Each structure stands twice: as C-alpha cells, then as structure tokens.
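For reference, the structure discussed in these notes is given below.
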There are 2 protein chains.
Amino acid sequence: MKKKVPQATVHRLSLYARYLGELEAQGEDYVSSERLGEGVGTNGAQVRKDLSFFDRFGIPGRGYPVSFLRKRLANILGVGDRVWRVAVVGAGRLGAALVGYSVFEKQSFHFVAILDNDPGKIGTRVNGLEVGDIRDLRGIVSSQNVEVAVITVPVHSAQQVADMLVEAGVRALLNFAPAKLDVSPHIVLRNVDLAVELEGLSFHLINS
Amino acid sequence: MKKKVPQATVHRLSLYARYLGELEAQGEDYVSSERLGEGVGTNGAQVRKDLSFFDRFGIPGRGYPVSFLRKRLANILGVGDRVWRVAVVGAGRLGAALVGYSVFEKQSFHFVAILDNDPGKIGTRVNGLEVGDIRDLRGIVSSQNVEVAVITVPVHSAQQVADMLVEAGVRALLNFAPAKLDVSPHIVLRNVDLAVELEGLSFHLINS
DNA sequence: CTATGTGAAGGCCTTCACAGCG
DNA sequence: CGCTGTGAAGGCCTTCACATAG
C-alpha cells in the first residue's frame with residue numbers, strides 16, 4: 001500500500017486473478033506466493049511485492065486465501081462488481097471476432113454496440129448485435145453509456161475514429177489499428193499491435 | 001553494436017520501420033532521431049540508443065537516410081527479404097479474422113494452413129484457405145515448412161496444441177489463448193492476452 | 001518453524017549531456 | 001554548426017534477504 005503501481009504489476013494482477021480462479025475451481029483454500037508465481041510464470045518475491053502495493057492479503061506461515069484474494073484483485077482491477085459498457089468500431093472480421101469472444105463477456109466487459117461506415121454492413125447482425133452507423137456514434141455512446149471502445153478500423157481512419165470517440169465521451173480505447181493515436185493524456189489508451197508481435201517473434205527466431 | 005538488445009527496443013524497431021515506410025511514401029530522404037521518435041511516441045535519445053545496438057546508420061548533421069534505414073530495420077527484424085510460413089490452429093472467429101488480416105500478408109508473414117478439430121469446419125474455406133484437420137498437423141507442418149504458428153483455440157486445449165506444434169518442429173508461437181503455456185526454452189513464445197489488456201484499461205479507469 | 005511483508009541491493013532500461021563527425 | 005553516437009547518471013522494476021507474524 002505504497003507508491004505508484006508499475007504497469008507490469010497491473011498486468012500480472014490479471015494473471016494472478018485468473019490463476020486464482022482456477023485454484024478456486026479446484027477447491028484450493030490457500031496458496032503460497034511461490035506457487036502463485038509459478039502459476040503465472042514469475043516467482044514468489046515478485047508476487048509478494050506486487051500485492052504489497054495494495055494491502056496485506058496473506059497469512060504468514062499459511063499463504064493467501066484463494067477465494068478472498070481473487071475477489072479483492074478483481075475489485076482492484078475494476079472487474080469485480082461493476083460492468084463496463086463497450087462499443088466496437090469497425091465491423092470487419094476482427095471486430096466481429098472480438099464481439100463474439102467469450103473471454104470478454106466472462107469478464108465484466110459487455111458489448112453494447114458495434115459500428116461501421118459500410119452501408120453493406122450496417123443493419124446486419126454480428127453475434128446478436130445489430131451493426132450501427134458510425135455517423136450515429138455520438139448518440140449511441142451517450143444513450144448507451146459507453147465508457148470503453150475497441151478500435152478495429154483500417155489504419156487510415158483510426159485517428160479520426162479515436163477523435164470521435166473521445167469527443168463523444170469515451171474514456172478508454174483499445175486500439176488494434178497499427179497507428180500511433182494522439183489522444184488527450186487523461187484518456188486511457190492501449191495498443192494491441194499484431195504486426196509488431198509477429199515481428200518480435202521473427203527477430204528472436206533470427207537471433208538465436 | 002554492443003550487448004543484449006532489450007525487448008522494448010525490439011518492439012520499437014517495428015514501430016520505427018513502419019513509420020519510416022510512411023516517410024518513404026511521402027518522399028522524405030532524411031529524418032532526424034527527434035522526428036523519428038516523435039513519430040512513434042518516444043524521443044530522439046531513445047531512438048539513437050536503440051539503433052546503436054546494431055550499427056551506425058546516421059549522418060551527423062543530417063539524420064538518417066529514410067529508405068536505407070527502413071530496409072536495414074526490416075532485415076534486422078527478419079521481415080526484409082525472407083517470408084515466414086505461418087499456420088493458424090483454431091478456425092473460430094478469431095483464427096479466421098487473423099488469416100484474413102491484411103497487415104500480416106503485407107509484412108512477410110504468409111499463412112499456409114488453418115487447422116481445426118471440428119468436423120463441421122474441416123473442409124470449409126476461410127479466406128481462400130481450406131480448413132485442415134488438426135490430426136494432420138504434424139504432416140502439414142513438415143510438408144508446408146511451417147516455422148511460426150498462431151494459437152486461437154479455447155484455453156483448455158491450448159497447451160496440448162502447443163505441445164503438438166513444438167513436437168512437429170514449429171519454432172515460434174503466437175498464443176491468443178488466455179493460458180500460460182509451458183514450452184521448451186528455445187521456442188519463441190509470445191502471448192496476446194485480450195482479457196489482460198482490457199483489465200489494464202479498467203484498472204487505469206478506476207485509478208484516475 | 002513456515003511463509004509473508006518489506007527495506008536494501010542489484011540490474012535493466014531510459015534520459016542526459018556532450019564529444020566528435022560531417 | 002547540427003545532429004549523431006555513446007559513456008555516465010538517473011529511475012524504475014525485480015530480486016534478495018531477513019525481521020516479523022501466525
């Protein structure tokens with residue numbers, strides 16, 4: 001319960017929460033920092049340091065109460081009780097895949113809209129959601145209380161879409177377009193860049 | 001041209017290469033480290049340090065020759081001349097989306113196979129590729145010279161699929177399943193975990 | 001006696017600052 | 001004189017090691 005939480009710690013928190021869910025399903029009551037670290041690819045010291053940013057969750061000599069810790073981490077991550085309302089912009093293959101991706105709905109992310117600018121797609125259904133017209137973005141964001149948006153449009157329109165979303169009041173963006181988006185610093189922006197990931201693989205294949 | 005290249009540097013190298021491509025298309029001949037950094041969201045000092053791991057590419061007083069540097073970075077990343085043959089395992093929505101994702105083919109990643117275990121999918125076509133039977137994985141990997149695989153199967157079969165791929169001779173894995181895969185240390189493994197990304201957004205939304 | 005919580009140490013990556021090249 | 005290349009400094013994150021709690 002101290003200072004600034006490292007980005008890497010936040011990332012691991014998600015992994016801890018997921019692994020704790022598995023342990024919980026297996027009926028485990030307590031888990032040591034060492035085993036929890038093992039389960040997500042790190043070590044006990046790292047686990048203890050990560051958790052120490054928030055609270056004292058453990059019992060010396062025993063370990064961490066699995067179910068309790070999982071719930072606390074879910075709350076810290078903002079996926080405990082509340083649900084985030086998410087819009088997807090770009091109803092191409094990737095956008096459609098994400099809307100149907102069960103991992104998201106199991107967590108507390110609820111897709112409330114999918115938008116596109118292609119008249120051939122508008123009005124069709126994707127996983128039960130009707131594709132809306134991107135020109136209605138502003139109205140949809142406010143009427144549906146969208147707080148998070150996923151951008152899966154082509155790179156040349158990504159910045160424009162980001163601007164529209166921010167203007168409409170969306171506070172967090174998950175961007176799949178291979179573009180550097182410029183947004184106001186109080187907007188939470190995260191990029192998933194598949195080409196960069198593959199090039200990372202490629203680099204390590206060559207240099208080994 | 002010194003010591004171990006940081007992971008973060010490899011990541012930025014991809015971004016530099018992409019931005020240089022844009023500059024090249026605009027007909028720019030030279031670019032300063034400062035501008036190149038600006039273009040990918042970092043600064044000139046970082047750019048110079050990153051590049052210094054490999055060679056002296058720049059001309060003091062002038063900057064970096066755009067086209068030359070782009071080509072050299074592409075080669076360093078392993079996407080310059082050669083083509084990587086990629087198989088996708090899991091022909092669900094996400095797998096299908098990735099096979100059709102133009103960003104990959106534009107880079108030097110060529111999808112040569114998509115596999116699934118669902119009889120209802122085997123034999124159908126996804127973006128021109130016929131879905132193969134996962135039981136033929138070993139044969140397909142060797143006959144098609146697959147070096148890189150993308151895993152888009154459900155979490156409960158991800159480890160098994162990874163084992164099969166490694167056993168068959170694949171050297172690099174891009175894993176989209178929310179699972180910690182155990183693979184031999186000489187296999188290049190990279191995880192894209194969409195739930196973790198969303199939880200990262202969620203955390204920062206709550207804590208700000 | 002076991003396993004947590006945490007200052008301190010260590011290591012890695014980024015930023016600084018400037019010598020030196022063109 | 002401008003901008004690169006790079007040692008040195010700084011800052012952030014991980015690992016260590018042990019006092020402490022149960």
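The sequence lines fix the lettering, A, B, ..., with proteins before strands; numbering per chain opens at 1. In this text the structure is predicted, and so the values were computed from the model without any measurement.
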Without swapping roles, check the side chain of [X] against the backbone of [Y] for a donor-acceptor pair under 3.5 Å.
| X | Y | answer |
| --- | --- | --- |
| A:Thr152 | A:Val88 | no |
| A:Arg171 | B:Leu205 | yes |
| B:Ser143 | B:Gly139 | yes |
| A:Asp116 | A:Asp118 | yes |
| B:Arg85 | B:His110 | no |
| B:Asn43 | B:Gln46 | yes |

Does atom CZ of A:Arg135 have more than 12 heavy-atom neighbours from other groups under 6.0 Å away? no
Within a radius of less than 6.0 Å around CZ of A:Arg35, do more than 12 heavy atoms belonging to other residues, nucleotides or ligands occur? yes
Go through the steps to decide whether A:Asp182 and A:Gln159 satisfy the test side-chain contact (heavy atoms from CB on, under 4.5 Å), and finish with yes or no. CA-CA 7 Å; A:Asp182 269 326; A:Gln159 181 65 56; 4.0 Å; yes
Side-chain H-bond candidate by donor/acceptor type, B:Asn127 with A:Arg93, under 3.5 Å: yes
Residues at least two apart in sequence or cross-chain that pass salt bridge (charged side-chain N to carboxylate O under 4.0 Å, His left out) with A:Asp81, listed by chain then number, are none
Nearest whole angstrom, please: distance from the [atom2] of [N] to the [atom1] of [X].
| X | N | atom1 | atom2 | value |
| --- | --- | --- | --- | --- |
| B:Phe54 | D:dT6 | CZ | C1' | 16 Å |
| A:Phe57 | C:dG5 | CZ | C1' | 12 Å |
| A:Leu36 | C:dA3 | CG | C1' | 13 Å |
| B:Leu51 | D:dT6 | CG | P | 11 Å |

Which angle, rounded to 10°, do you find between the first-five-pair axis and the last-five-pair axis of the helix from C:dC1-D:dG22 to C:dG22-D:dC1? 10°
Hey, can you pull the residues of residues 196-208 of chain A with a non-hydrogen atom under 4.0 angstrom from DNA chain D? none
Heteroatom pairs (N/O) under 3.5 angstrom, protein to nucleotides 20-22 of chain D:
none

Does A:Ser33 place a side-chain N or O at less than 4.0 Å from the phosphate oxygens OP1/OP2 of C:dA3? no
C:dT4 OP1/OP2 closer than 4.0 Å to side-chain N/O of A:Tyr30: no
Between the protein and nucleotides 10-16 of chain D, are there any N/O to N/O pairs under 3.5 Å, and if so, what are the atom names and distances?
| unit_1 | atom_1 | unit_2 | atom_2 | d |
| --- | --- | --- | --- | --- |
| D:dT14 | OP1 | A:Arg12 | NH1 | 2.8 |
| D:dT14 | OP1 | A:Arg12 | NH2 | 3.4 |
| D:dT14 | OP2 | A:Arg12 | NH2 | 2.9 |
| D:dT14 | OP2 | A:Gln46 | NE2 | 3.4 |
| D:dT14 | O5' | A:Gln46 | OE1 | 3.1 |
| D:dT15 | OP2 | A:Asn43 | ND2 | 2.9 |

Among pairs that include at least one residue of residues 183-208 of chain B, which meet side chain to side chain donor-acceptor pair (under 3.5 Å), considering only residues two or more places apart or in two chains? A:Gln7-B:His204, A:Ser14-B:Glu199, A:Arg18-B:Asp193, A:Trp84-B:Ser202, A:Arg190-B:Glu197, A:Glu197-B:Arg190, B:Asn175-B:Asn191, B:Ser184-B:His186
Would you call B:Lys180-A:Glu38 a salt bridge at under 4.0 Å N-O? no
